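Notes to accompany the following structure.
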2 protein chains.
Amino acid sequence: MIDSTSAERRHPTILDVASQAGVSKSTVSNVVRGLPGVSESTRRRVRTAIDELGYRPNVLARQLVQRRTSILGVVVGDLANPFFAEMAKSVERHAAARGYTAMFCNTEGDSESELAGVETLLQHRVAGIVFLAFSGDPRTMQEVLHHQVPVVFVSCGAEWGDVVSVDDERGGRIGTMHLIDSGHRRVAYLSIPELEDESDRARWEGYRQAMKGAGAGAPMRISWSPPSDQARIDGSERTLLEVFAGRGRVTAVFASNDVAAIALQEFADRVGIRVPEDVSIVGFDDVPMAGLARIALTTVAQPRDELARLGIADVADRIERKVKGPPRTTLVDVSLVTRRSTAPLQADLA
Amino acid sequence: MIDSTSAERRHPTILDVASQAGVSKSTVSNVVRGLPGVSESTRRRVRTAIDELGYRPNVLARQLVQRRTSILGVVVGDLANPFFAEMAKSVERHAAARGYTAMFCNTEGDSESELAGVETLLQHRVAGIVFLAFSGDPRTMQEVLHHQVPVVFVSCGAEWGDVVSVDDERGGRIGTMHLIDSGHRRVAYLSIPELEDESDRARWEGYRQAMKGAGAGAPMRISWSPPSDQARIDGSERTLLEVFAGRGRVTAVFASNDVAAIALQEFADRVGIRVPEDVSIVGFDDVPMAGLARIALTTVAQPRDELARLGIADVADRIERKVKGPPRTTLVDVSLVTRRSTAPLQADLA
DNA sequence: ATGAAAGCGCTAACAG
DNA sequence: CTGTTAGCGCTTTCAT
């Protein structure tokens, strides 16, 4: 009797339910898990006991004995970036739909906190990891590989895990081609520090190819940390104003993502450079904001929900051993969305 | 010997480390937890064994025996809403700083998935729950209360848990007063379905008071689901165009959050209603987007990071029993940020 | 159809 | 200072 009152404050355990229903642990367990081979009457008695006690299985204990969890680790670059926010939301929903719980860690783009985050996920024995951004840090790879946990890179990449993404190179190409087709020749590539990973490289490559194939000007890379007035242009520090208003100025920009593109548009507004009259801008991602009439950003759209769905399906299949073997790559389509941030090159600028 | 090789595929356990270092389980445990009373030499030997084996403590096992986890459940209204995204990010960071891991669940604003999410969190035996949005569903309350897990409502509210938020009523008042002081009299309150919770009610109350105190027109509530052309006005369906361009039209709007405000601005742009010339708009939250030159939304700013920090400190204190007793409420300051979406009432509209 | 027993990997007294 | 011994709450054979 003394013992049986212990269920009052603490969470009731399977044992409490068992004694309440007058059966054994295992029977309760069988009922909870919905296994067959339990008579209807006992099943009912157990159910009642569960309700009366407000019993809720302890996932921790279950997962300890099963030696695997149903938690999915999700590594996010920057939750405040609308692209990641949307992805995170989709990932969470699809994970839940397949019976997994998402555990996010935000890395702020730096590989130190990325490593720390992955470390934490691993200690929690996550069943798999979804990278929504990956710095490329080899230590992270080491850790993950050593623990043999299924990994998928969604909208980012590495060779040592499954990848689900758009064809970033093609995205870079069609975005740049749109500019070139509009008559632009001095087209720059813009990136902000947070996202200089594998997919950034692929987008740059697409940009480079498009520039080369069209016999346009030499490729030019702008690495900018908004809202600074300066940036590194092909490695050397210069003012943005010089780039967009000086002689031999850039007339169009392909940005590696929408946040960068919008930041640039903001800069242009601030210093009186007109978009698209003075400079055309193309982004990447098609975040919701890009569609606002006041922003109207031409951009390369990624099918976010599709990416999330396929990514989750991928890790889940690995976890559930429905798929084995070497890393797979799944590519989905990108498409250009034309809005008002781009326009044909003005005659006097040719 | 057969047994000792078992560490190869599976995760090495504390026992593997123990035998490798030639000590007992507990000694390893003591080293891992950094307890004093372990000689420097054994400590070193254990450390070496840990590195060699790549041992990583199983948090699950630890938490099972300690009967508490270091996971914090975070209930988010809509991760795709920039306000929540920013909050989520801050919450994650502050949680990590205090040694907790965040487990998010997105509720899409509906109480059904909110309940399911909380259920999952509870099964994972989270140490505490942070609500970034709360529907008010009594079943959720039931569940949480019954499990006696510390709860904090950040930027939202309920009477049965700690609250950390801005003074929403005051926010509603100063936002509305700004409009009234600019000469507006027919000021409406705008809300979108996702956020009609306790803080929405408080903001509405602040709005109502301001309207009444100033002898302005009767309060008017617009419930709108963007991007529809219609909305419920004080309970009856009407077209938005009628509201903003018909006779006795509304000349200013106080929106319960920035997302709603921006959606309205977007609608206005689409149908040719000028902001602020034809209608002034005030938002709530001051999301990053609101600060863009092209959006320039006047809004009531919430100190997001401060809210997150205090909220985490609050649950953490409860969890760690540094604070006991009845629910506490912590209020932090709101402030009005004036931008270009508001202007004095045009003479011909008075 | 049900129960008994042996762990999962770890912490927490308590001995030595 | 270090080792021994119980569990934490559950799943999972294996008997009955």
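Note on naming: letters A, B, ... go to the chains in the order of the sequence lines (proteins, then strands), and numbering restarts at 1 for each one. All figures in this text were calculated on a predicted structure; none of them were measured in a lab.
- In this entry the distance linking NE2 of B/H124 with C1' of D/dG9 reads 15 Å, nearest Å.
- The closest side-chain heavy-atom distance from B/V332 to B/L307 is below 4.5 Å.
- Separation of atoms OG (A/S111) and CG (A/D197) is listed at 12.0 Å; rounding is to 0.5 Å.
- B/L60 has its CG atom 13 Å from the P atom of D/dT11, to the nearest Å.
- The closest side-chain donor-acceptor pair between A/E114 and A/T140 falls under 3.5 angstrom.
- Residue B/L64 contributes atom CG, which lies 17 Å from atom P of C/dG7 at whole-angstrom precision.
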| Sugar-phosphate or base contact per nucleotide [nucleotides 10-16 of chain C; S, B, -; heavy atom under 4.0 Å] | BBB----
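- To the nearest angstrom, P of C/dA1 lies 10 Å from CZ of A/R43.
- When all heavy atoms of A/I319 and A/P150 are compared, the closest pair comes out as CG1-CG, 3.9 Å.
- In this structure, B/R44 atom CZ and D/dC1 atom P are separated by 14 Å, rounded to whole Å.
- Every pair passing side-chain hydrogen bond (donor to acceptor under 3.5 Å, both in side chains) that includes a residue from residues 64-75 of chain B is listed here, sequence neighbours excluded: B/Q63-B/S70.
- What separates CZ of A/R68 from P of D/dT12 is a distance of 11 Å, to the nearest Å.
- Under the 30°/60° scheme for interplanar angles, the aromatic rings of B/F134 and B/F153 are found to be tilted.
- For A/T27, no side-chain nitrogen or oxygen approaches OP1 or OP2 of C/dA1 to under 4.0 Å.
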